[in-house]
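What follows is a single structure, written as structure tokens, with notes after it.
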2 protein chains.
Amino acid sequence: MSTAADHLSAPAPLLGQAAALDSADSLGHVRDRFDLPDDGSVYLVGNSLGALPRAVAPAVADAVQRQWGRSRVGGWNTSGWWAAPQRVGDRIGELLGAAPGQVVAGDCTSVQLHKVHLAAAAETRRRSADGADGARRVVVADPASFPTDLYVLASDARLAGWEVVLASPPDVPAVLAARGGEVALVTLSQVDYRTGELWDLPGLTRAAHDVGALVLWDLCHSAGVVPADLDANDVDYAVGCSYKFLNGGPGAPAWIYVPHRLQAAFANPIPGWNSAAQPFAMTAEYTPATDIAVARTGTPQMISMLALEAALTAYDDVEVQAVRAKSLSLTGFALEALDALVPEVEVVTPREPERRGSALALRHPQSWGLVRALHARGVEGDFRAPDVMRWGIAPLYLSHADVLAAVVALRAVLDGGEHEAAELSERPTVT
Amino acid sequence: MSTAADHLSAPAPLLGQAAALDSADSLGHVRDRFDLPDDGSVYLVGNSLGALPRAVAPAVADAVQRQWGRSRVGGWNTSGWWAAPQRVGDRIGELLGAAPGQVVAGDCTSVQLHKVHLAAAAETRRRSADGADGARRVVVADPASFPTDLYVLASDARLAGWEVVLASPPDVPAVLAARGGEVALVTLSQVDYRTGELWDLPGLTRAAHDVGALVLWDLCHSAGVVPADLDANDVDYAVGCSYKFLNGGPGAPAWIYVPHRLQAAFANPIPGWNSAAQPFAMTAEYTPATDIAVARTGTPQMISMLALEAALTAYDDVEVQAVRAKSLSLTGFALEALDALVPEVEVVTPREPERRGSALALRHPQSWGLVRALHARGVEGDFRAPDVMRWGIAPLYLSHADVLAAVVALRAVLDGGEHEAAELSERPTVT
């Protein structure tokens, strides 16, 4: 594999700018917490699967060989397995602006969405029990949501008797103005997974609350790189995965946020034994936990859970605000370099910092070819049909020099027409 | 730690019998596939968390360091991650008598139960669409089920409009005779987790089908040690975990069986993107898969999944029928030894081979003390309140000599009154 910038050097001013930004980077040392190939490659798919933190391999080896192999079933006590979902949840909560005891890790995002949808329907019925039951039967969702959000919502809407109204986040306030009294739930993603656009979580949460609706935020594409300030923003529910910017590993456990004020009434629609007040009493009658454990389900997949816990040590002594600042510096610098070196590639992601998440969407008619040709040069991005190349910008392990190398490689690919042939290469069934 | 039989030897005839049975054991070599402590201890909690197969540690290290660390997001293709749930499901299916393409691994048992309950309700509605809709509104379940089964069922019954009728398996035929035309689903466990009793899966399945009801079997406590012959018995749905006799590791992924004939209509109530016909088309409209993928949900926890896959290699070239035969030999020999050496301990598990699973339940007023005192002698069992000690008999790594050592240790504990003091020791909150 050739390295990213083999055939072209960056202009001196951009090189100097990258060097200056990197030397002033207060998070530069965090890169060493990751096990990155030493081959000059630039990994820009951390928005899909984060790179491997060095702490994971020894932690997983210990979990398998000592904890499972020697403590065996005793590990549920002696190795702290039983408490792990809440311990890991609290650690993720720190990055989300959630005080301890309000986040629990486990299951997958789809299952967590399902729990929240039906719990929100029950909460809505509970609140309207004084008034006209069934008055709120509308749920507002973004049509550009990640597919699983829409699939699970459509199914749950049938169960809950909800009407799904699709509205892009900028149009949500108008929907709320028109139908606010009917709205049970507003469910949105903080960052659009295709365009990288960041939505106004505080403002949209307030708008929903102003009409008496509940709010669910999907933070899959923003957790760990964009502050959510869940407590401060009075968010009702949030869910997310942990395998993107949180670097928890392939399919790492998802998580769910239920604030203290909503826990006692949280009607978990999959009330597995882990969600019971006294799971080990083994009673036939279900009594729900009154803390965040109420959002647990069954026995958690512990090897993946402990891999995630180790991965989160990459965030030790790192504030998410600092990560956000570096993310904006990296994406801002990328935009400058793209404008200067590859003006023919359209940047889909908004240019205003307050509207950018931590990924860039670049449009080109031969984006698939660009992704493949860049791969051959050691720059990993991904493709979203029909014509978008996505670059995830993971601030914990990327430098401004990395970003510049990617842009330079893109220039070289276009100059050499390398994407023309690559465009014809087979498209994977799984990306 | 003292070893199991420090202070007492077994009578010569039993020692000779154990030696003869072990030397004739066609599965004796399988023990070497497990990483067992070399300290003379006897692990009898494989019915809760199976011992560590040797293949797991290197497989997990490879999954983390090479697949994730180097292939990164490409692992979904190049390392076969995407296909893993169905690949692992097929391997488990071999042990269940299920032809390929009918079992998929993932989620936890509680989530899988939830899927089947609501899918069965939809299937019942579908079948009754010709006749009087809503005629079948009864679900029959065992009151002695593992708690999660009852908790999730009670919740789903509210969603489905079902009445739950509790009946012990021997009483199920009478319930079916009385109310058969009303019964939508019969849901039972093949083995009672407390008593170790094995129920008649073929007969109860036929009885349910005879009145037009669907059947769901929970095989958590029998998968891998008792044949289920799911295809041959025309079972409608089955679920189970994989961390007990399948040795998949703490919280290892659960699995779900949906036979080919029920897949096209399977109404997955958590239709995450992994269950879509074309997950990577990223369409807003959901089109379900028409194969077993329809029972998938979200992104699978891959490190735990690959640990399970490696663990299942302990079953390479091992037929579940041979495991069953060894299990009966071990439990039968244990009963003989218990009768001979500790007649004052009551055996709760039925003595007839066709009514025994692969665990023994022993009753004693100071069972907690017995469990602790045996632990001090290197014999690991577990306790179920108020007075039962359970011994899981895992045929892949236990010998008749192990079983005899456990019984001899139990005799020594009772003779020395070691359980009297141990009875006062603190009880764990998690077992």
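Naming convention: chains lettered A, B, ... in sequence-line order (proteins, then strands); numbering from 1 in each chain. None of the values given here were measured: they were computed from a predicted structure.
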Nearest 0.5 Å please: distance from the CH2 atom of B/W391 over to the CD atom of B/E380.
->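 Taking CH2 in B/W391 and CD in B/E380, the distance rounds to 12.0 Å.
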Top contributor to chain B contacts, counting heavy-atom pairs under 4.5 Å, from [options]:
options: A/W68, A/Y286, A/W81; value: A/W68
options: A/G75, A/G106, A/G298, A/P250; value: A/P250
options: A/G46, A/A252, A/A51, A/A254; value: A/A51
options: A/A307, A/P253, A/A61; value: A/P253
options: A/G69, A/G249, A/P271; value: A/P271
options: A/T109, A/V111, A/L150, A/L166; value: A/V111

Part of [X] lying under 4.5 Å from any heavy atom of chain B:
X: A/A385; value: neither
X: A/L306; value: neither
X: A/A144; value: neither
X: A/D149; value: neither

Identify which part of [X] has an atom lying under 4.5 Å from any heavy atom of chain A, answering side chain, backbone, both or neither.
X: B/A154; result: neither
X: B/R72; result: both
X: B/L113; result: neither
X: B/R194; result: side chain
X: B/Q278; result: neither
X: B/V60; result: side chain
X: B/A276; result: side chain
X: B/A284; result: both
X: B/P300; result: backbone

Going by heavy atoms in the side chains, are [X] and [Y] under 4.5 Å from each other?
X: B/M282; Y: A/P147; value: yes
X: A/F266; Y: A/P288; value: no
X: A/W255; Y: A/V88; value: no

State whether a side-chain donor-acceptor pair under 3.5 Å links A/T148 with A/S110.
->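 A pair is found: one side chain offers a donor N or O, the other an acceptor, under 3.5 Å apart.
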Exercise: do B/H114 and B/D156 side chains pair donor with acceptor under 3.5 Å |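 Side-chain D/A pair, B/H114 to B/D156: present.
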Determine, stepwise, if the pair B/S425 / B/W368 fulfils side chain to side chain contact (heavy atoms under 4.5 Å, CB included).
-> CA-CA 9 Å; B/S425 66; B/W368 170 244; 3.4 Å; yes
Report yes or no: does B/T283 contribute a side-chain atom to a donor-acceptor pair with the main-chain N or O of B/E285 at less than 3.5 Å?
->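 Confirmed, B/T283 side chain pairs with B/E285 backbone.
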Measure from the side-chain N and O atoms of B/S145 to the backbone N and O of B/D142, and report whether any donor-acceptor pair falls under 3.5 Å.
->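 Yes; judged by distance alone, with no hydrogens or angles, the pair exists.
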Salt bridge check: are A/R296 and A/D107 linked by an N-O gap of less than 4.0 Å?
->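 A salt bridge is absent here (no side-chain N lies under 4.0 Å from a carboxylate O).
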Contact leader toward chain A among [options], where contacts are heavy-atom pairs under 4.5 Å:
options: B/G248, B/S275, B/C241, B/A281; answer: B/G248
options: B/P53, B/P269, B/A83, B/P143; answer: B/P269
options: B/Q301, B/M302, B/R158, B/R70; answer: B/Q301

Would you please indicate yes or no on a ring centroid separation below 6.0 angstrom for A/F280 and A/W76?
->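 Judged by ring-centre distance (under 6.0 Å), A/W76 and A/F280 do not meet the cut-off.
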Could you pull out all residues at least two apart from A/F34 that satisfy ring-ring contact (aromatic ring centres under 6.0 Å, His included)?
->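 Applying ring-ring contact (aromatic ring centres under 6.0 Å, His included) to A/F34 gives A/Y397.
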Considering the options A/Y151, A/F146, A/Y193, which one meets the ring-ring contact (aromatic ring centres under 6.0 Å, His included) requirement together with B/W273?
->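 Filter result, single survivor: A/F146.
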